[in-house]
Amino acid sequence: MSRLVEHAFYFKDPAIVARKLLGKLLVRRLGNRVISGMIVETEAYYGEDDPASWASKGDNWIRRVMYGEPGRTLIYMVHGHWLLNVVAMPPGVPAGVLIRALEPLEGVDLMVRNRGVNNLRLLTSGPGRLTRALAIDKSLHGLPVYKKDSPIQIIYHREIPDSEVGRSGRIGVKRDLDIPLRFYIKGNPYVSVGKKPKSSG
DNA sequence: CGCCAGATTGACT
DNA sequence: GTCAATCTGGCGG
């Protein structure tokens, strides 16, 4: 039984949304086939006060979307790879959550075909990898993930207790904030390898 | 139209 | 750990 994550969920602080997205399912509908995976790694991005956020870089289409309606996809390309974000906070407040890694669930055969690799570990363990595995590109930009008829959705799956949640600084950003805004499920083999947690404690 | 930035990945040392 | 490849949007001319 799949229960769609409600629209109101995305009106919160991106760090909260990022944390609570862990354990939920990202579902991609392709014709009569379904590809899905559990979200195991996310990052939160703010607006003006976040030097790593593209919402702080002046007028562009990304900025417009981040200021827009929460619960919609924000898809753009970096270094030749599509990256999938979900807009957070109410309209007028720029924020978003980057989906960084999934644990493959349904449609693994399609993911293998899309990625061209047979190694489960490498299928969706990275922001650019999972978009390719799920056939996500700019054509899906701006779509709501909370609607029943959407080709890309997020549904409830599993609650992750605090004891299983790890945090660290965001990966690949030049100017990070002082607080750790990357969230991941400890010990999950599909979490992308990156920075180590700030402290061992 | 040309040039550059950029939240990545994959291969090599 | 380090380095090159890959693609689109934004901006200047």
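Treat the numbers as computed from the prediction; the structure is a model and nothing was measured.
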Provide, to the nearest angstrom, the distance between the CZ atom belonging to A:R170 and the P atom belonging to B:dT8.
11 Å
Which residues within residues 108-137 of chain A lie with some heavy atom under 4.0 Å of an atom in DNA chain C?
none
List the atom of A:D50, the atom of A:Y45, and the distance in Å for their closest heavy-atom pair.
OD2-CA, 3.7 Å
Tell me which residues in residues 73-94 of chain A lie within less than 4.0 Å of DNA chain C, going by non-hydrogen atoms.
A:M77, A:H79, A:G80
A:E41 side chain reached by A:L130 side chain, heavy atoms, under 4.5 Å:
no
What are the two closest heavy atoms between A:L140 and A:P151, and how far apart are they?
CD2-CG, 3.9 Å
Can you tell me if A:R132 has over 12 outside heavy atoms packed within less than 6.0 Å of its CZ?
no
Aromatic A:Y156 / basic A:R3 pairing, under 6.0 angstrom, 45° off normal:
yes
Any donor-acceptor N or O pair under 3.5 Å, side chains A:S125, A:R129
yes
Looking at side-chain heavy atoms only, is the closest gap between A:I185 and A:E103 below 4.5 Å?
no
A:R182 and A:D176 ion-paired at < 4.0 Å
no
Does the structure show A:W54 stacking with B:dA7, if we require the centres to be closer than 5.5 Å and the planes to be within less than 30 degrees of parallel?
no
Do A:I179 and A:L181 have side-chain heavy atoms sitting under 4.5 Å apart?
yes
Can you list every stem that DNA chain B is part of, counting only runs of 3 or more consecutive Watson-Crick or G-U wobble pairs with both distances under 3.5 Å?
B:1-6 with C:7-12, B:8-12 with C:1-5
Compare all side-chain heavy atoms of A:I35 with those of A:M111 and state whether any distance is below 4.5 angstrom.
yes
Does B:dA7 have OP1 or OP2 sitting under 4.0 Å from an N or O in the side chain of A:R182?
no
